[in-house]
Amino acid sequence: MSTNAKPYKDTLNLPVTRFDMKANLTVREPQFQARWREQDLYGAIRKARSGRPRKVLHDGPPYANGEIHMGHLLNKVLKDFVVRSLTMRGFDSPYVPGWDCHGLPIEHKVVKDLGSKAASMSHTEIRELCKKEALKWVDLQRTQFRRLGIEGDWENPYLTLDPRYEAGIVDVLSDLLERGYVFRQLKPIHWCMTDRTALAEAELEYKESKTPSIFVNFRLTSTPPDNLKTDAPWHVMIWTTTPWTLPANVAIAVHPELDYSGIRYVDPRSGQEHQTILASELVGKVMSLQSVTDFKEIGRCKGRDLENLQYEHPFIKRRSPIVLADYVSVDDGTGLVHTAPGHGAEDYQTGRRYQLPTLSPVDASGRFTSEAPEWLLGKQVFAANPEIIERLKTSGHLYHELLLEHSYPHCWRCKKPIIFRATEQWFVGVDHNDLRGQTLRAIEEVQWLPAWGRNRIEAMVSQRPDWCISRQRSWGVPIPALGCTACGMQLLTAETARHFRDLFRKEGADAWYTSPVESLVPSGSKCPKCGGAEFQKEGDILDVWFESGSSHRGVLSQGFELGYPAFMYLEGSDQHRGWFQSSILTAVGSNGQAPFETVLTHGFVVDDKGEKMSKSVGNTISAVKATEQYGADILRLYVASMDYADDVRMSERGIKEMSEAYRKIRNTFRYLLGNLGDYAEFDPQSVDPASLQEIDLWMLGQLNHVVDDVMAGYEKFEFYRVHQRIYQFCSVELSSFYLDVLKDRLYAELPDGPERRAARFVLARLHDVFTRLVAPIMPHTAEESWDFLPAGPHKPESIHLAEFPKSDPRWNEPERDARWVELMDLRAKVLAALEGFRKAKQIGSAQEAVVTITTNRPDRWTPDRDLLNTICIVSDVRIVEDPQDSEESVAVSKSTSPKCERCWNYRSSVGQSAEHPTLCDRCVRVIEATS
RNA sequence: GGGCGCAUAGCUCAGUUGGCUAGAGCGCACCCCUGAUAAGGGUGAGGUCCGAGGUUCAAAUCCUCGUGCGCCCA
């Protein structure tokens with residue numbers, strides 16, 4: 001307990017820095033963000049990269065509704081990693097965020113809030129409210145995205161409700177019209193007879209409802225398969241819960257792989273014999289409905305054997321075919337499905353495949369039109385059910401009837417049951433001019449990451465039906481079609497569409513609703529069919545997928561002029577069906593080329609068990625709250641830590657673990673800065689590289705490997721590799737090895753002596769390199785660290801204007817690295833031996849120990865004796881030769897030398913100085929040089 | 001029900017073209033230090049490579065069939 005112990009401590013160079021250990025991200029991050037805004041960092045980056053090769057990540061517009069959630073966070077953070085890393089690689093990589101502002105959810109919300117008032121309001125008034133609603137969410141989401149540190153042109157985003165963008169949409173439509181892809185065709189849609197309006201899927205409420213359920217025999221007019229040949233006529237038995245759709249029957253569907261039986265049975269009511277065909281599995285069940293006991297199977301066939309057989313409609317003079325469909329099941333009914341393409345979605349698909357007519361003899365109020373048999377004319381469809389059933393009974397076609405309770409869609413507004421009714425819709429024809437084939441070829445040219453994305457979208461494009469692009473709603477871009485008041489013909493051509501494109505660009509799409517029709521019609525317009533010159537505005541709007549799918553026009557090639565095609569689209573894997581597909585279809589259709597070079601997809605955010613997050617399950621994590629609580633850099637690091645190609649697991653625990661990782665990285669920065677004294681009075685440029693010690697050179701060599709690996713990770717967009725490499729290097733090579741070993745030199749040597757200057761040279765390089773490498777992932781922390789670098793001509797104002805480091809070939813030395821692998825192996829043995837000695841309570845710190853290495857190759861180790869001493873942080877290392885030992889063995893003993901009061905090493909030189917009797921010779925030398 | 005994916009320590013990830021006893025970091029346990037201190041260091045324990053078959057001298061890796069989970073359809 002000498003009294004001068006304290007003063008010696010004061011002679012050490014202990015770390016000092018203003019870089020806090022406590023991150024305090026929730027306070028600091030908004031400060032950095034405010035600063036970046038103030039200095040217009042985004043604009044500065046654009047300026048700094050202008051003229052460089054351009055790589056544009058084109059933002060897929062999120063829907064402007066609700067707070068951002070973890071899915072948004074994942075997507076936007078990944079995009080930010082891409083954009084920032086491209087920028088730091090030297091590319092000009094502008095990022096213009098966008099929002100999808102039109103569509104049903106917003107319109108639905110507005111109309112719901114209005115309640116009964118909605119009915120009396122005009123399109124324009126409702127659209128105005130929708131716009132307000134959308135912009136409200138755009139503002140909120142923008143704030144939330146910016147809080148995550150996403151860099152981009154937030155002051156000037158693209159909005160699908162922007163007149164310029166709307167014009168872009170109509171421009172794409174014009175091109176498609178010009179090339180003949182757009183046509184009109186009947187398609188069944190959900191229809192409310194009471195409100196006389198179309199309904200979207202989201203506007204349906206499913207309720208239990210009682211409907212008649214009937215089994216009907218249709219007479220075959222074709223010859224049945226060979227094993228069913230008999231003299232008597234054959235029937236096929238169908239089942240339906242919507243008798244009123246029978247007038248529109250144009251086919252009967254069977255499953256190709258199912259077994260069907262030809263049955264001869266005696267109807268107990270009439271005593272008559274019948275022959276009919278139904279699914280083999282259902283024969284018993286169906287026969288028991290009428291308590292038929294006298295029946296016999298004549299023969300069997302597969303569904304596919306029945307294809308194209310003709311049958312006769314029970315009450316209309318019409319023959320129709322049997323067709324194949326995969327959705328046919330034996331869950332109920334007869335295994336033969338009455339098919340009316342005008343009255344059902346599946347029926348419609350089947351109808352398209354077989355080119356069947358789409359009949360829909362029902363008007364807007366649900367009454368049969370003159371296309372139906374005369375006895376049904378003017379009757380409301382549900383009211384007509386009993387009459388149709390009676391008719392079938394009388395004619396002998398009806399096998400059985402019962403009432404069935406099942407789930408049936410109802411109108412969300414009037415609560416009445418809805419119907420499927422075919423109406424004229426606008427389509428983009430996928431097979432016109434081989435758009436499908438063209439698109440598939442364009443898909444080949446695109447790089448899909450991960451590679452299976454190609455299979456996925458190829459399968460979807462090769463199977464998709466024609467694209468119905470019209471919607472009967474208010475909140476969207478109107479399809480600028482004019483209806484001839486004389487003949488009903490719709491006028492919509494490339495020329496008229498371009499007229500409206502220009503109008504929308506000037507006045508916005510609202511012009512369609514606000515201007516009287518006379519001022520809208522291009523002068524000289526004539527109906528191509530009847531020559532009429534009087535028109536009315538049609539009311540349909542475009543599918544929102546068409547809108548967002550046109551962003552390559554409104555954002556890339558026009559509007560923002562980012563360049564076409566984009567370098568990358570990056571969205572969740574659900575967008576193979578959604579935006580990727582709508583984008584490539586509209587692009588190939590309008591200009592023959594894919595709008596993207598690379599498509600990167602990520603998985604979905606799931607909980608810690610790998611199950612999807614849902615509010616009802618209660619396993620969600622709020623992205624907004626998590627950011628408020630932990631800070632953006634921690635969540636960003638979390639995103640970086642996982643392979644996004646698969647689903648991404650997120651949990652509260654995971655975020656906490658990531659906070660630990662963050663602190664490790666942060667502390668590494670802090671320690672580097674601490675020993676650099678925040679660069680006060682130290683300029684790494686002034687250090688002579690010849691003064692570097694071996695371990696310093698080795699460290700710089702290791703750092704080169706890190707730079708190379710991290711850059712490879714960024715170039716392949718594999719950010720988890722970036723994270724793993726940086727984090728593990730911080731923990732292993734740096735914190736637990738190099739920085740630990742360096743302590744003696746940093747603390748005890750002369751403040752500005754060559755030993756310490758050499759070490760600080762390496763620390764400065766580490767600081768500079770690491771700050772740059774982590775900048776795309778932790779932009780706030782990187783900026784905070786960057787601020788400590790002294791200003792100079794080569795230091796940009798912000799790390800985000802800087803470029804990535806390059807590995808420095810001066811420090812590469814493969815033979816040295818190989819030798820170091822051996823050294824580190826031996827060190828591991830020493831540490832294990834020390835731990836044994838420590839557990840035996842012989843020593844505390846390693847400095848108390850002397851290590852004896854017994855080896856049969858002293859020539860190998862003797863020259864590295866001092867180095868081993870240093871890297872093991874012991875007091876002494878002795879090398880002893882033993883030719884018998886094939887492997888090095890390590891023995892540990894307690895040092896017999898006294899402890900230096902200043903540097904805590906155990907040295908025989910302690911006590912040699914009369915003036916400083918408690919110090920080792922090195923510390924005496926340092927003290928004397930500084931006093 | 002169909003299409004496309006994924007599955008290796010508690011967590012996040014490595015594991016060329018099949019080839020020693022399946023690795024790393026974190027976490028955990030125990031220990032040390034108290035001059036990075038709401039820090040730092042050390043040692044150690046953790047695996048039915050989702051399951052079952054198959055191919056092969058040899059399978060985490062290739063094939064088949066399952067199971068679980070996700071996305072997209074129906």
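All values below were derived from every heavy atom in this structure, side-chain atoms included, with hydrogens, water molecules and symmetry-related copies excluded. Chain letters run A, B, ... following the sequence lines, proteins first, then strands; residues in each count from 1.
Within the 4.0 Å cut-off from OP1 or OP2 of U43(B), not a single side-chain nitrogen or oxygen of K839(A) is found. Between K656(A) and C11(B), a side-chain N or O to OP1/OP2 separation shorter than 4.0 Å is absent.
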Short N/O separations, protein against nucleotides 72-74 of chain B, under 3.5 angstrom:
| from | atom 1 | to | atom 2 | distance (Å) |
| --- | --- | --- | --- | --- |
| C72(B) | O4' | R456(A) | NH2 | 3.4 |
| C72(B) | O2' | R577(A) | NE | 2.7 |
| C73(B) | O5' | R577(A) | NE | 3.3 |
| A74(B) | O3' | E346(A) | OE2 | 2.8 |

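Going from atom CH2 of W904(A) over to atom C1' of G35(B) covers 5 Å, rounded to whole Å. Separating the CD atom of Q728(A) from the C1' atom of C13(B) is a distance of 8 Å, rounded to the nearest angstrom. Atom CG in D643(A) sits roughly 15 Å away from atom C1' in C11(B) (whole-Å rounding). Between D646(A) atom CG and U12(B) atom P the separation is 10 Å, expressed in whole Å. Look at CG on N905(A): it is 15 Å from P on G35(B), rounded to the nearest Å.
Contacts of G603(A) with the nucleic acid, taken as non-hydrogen atoms under 4.0 Å apart, are absent. Note on R464(A): nothing from the nucleic acid sits closer than 4.0 angstrom, heavy atoms only. Residue-level contact check: G654(A) touches neither bases nor backbone, having no heavy atom under 4.0 Å from any strand. E611(A) comes within 4.0 angstrom of the backbone, heavy atoms only, and of no base.
At a cut-off of 3.5 angstrom, counting only N and O atoms as typed in the model, there is no donor on one side facing an acceptor on the other between the side-chain of T668(A) and the base of A36(B).
Both distances falling under 3.5 Å, in either a Watson-Crick or a G-U wobble arrangement, place G51(B) opposite C65(B). Checking U12(B) for Watson-Crick or G-U wobble geometry (two distances, each under 3.5 Å) identifies A24(B) as its partner.
Taking the six-membered ring for Trp and the full ring otherwise, W467(A) and F427(A) have centroids separated by 6.0 Å or more.
In this pair, F719(A) and F81(A) present their aromatic rings perpendicular. The plane angle is above 60°, beyond the 30 to 60° band.
The side chain of R721(A) lies closest to G15(B), out of G70(B), G15(B), C32(B). Here A14(B) is the nucleotide among U12(B), G5(B), A14(B) with the atom lying nearest to any side-chain atom of Y720(A).
In the model, D817(A) has a side-chain atom that pairs as donor or acceptor with a side-chain atom of H705(A) under 3.5 Å. No side-chain donor from either of S329(A) and H255(A) sits under 3.5 Å from a side-chain acceptor of the other.
Residues passing the side chain to side chain donor-acceptor pair (under 3.5 Å) test with Y63(A): none are found, sequence neighbours excluded.
Nearest-nucleotide positions on RNA chain B place A459(A) closer to the 5' end than the other of A459(A) and L14(A).
K839(A) and E835(A) are joined by a salt bridge, as a carboxylate oxygen and a charged side-chain nitrogen come within less than 4.0 angstrom of each other.
In this structure, R666(A) is positioned above the aromatic face of F19(A), its NZ or CZ under 6.0 Å from the six-membered ring centre and within 45° of the axis.
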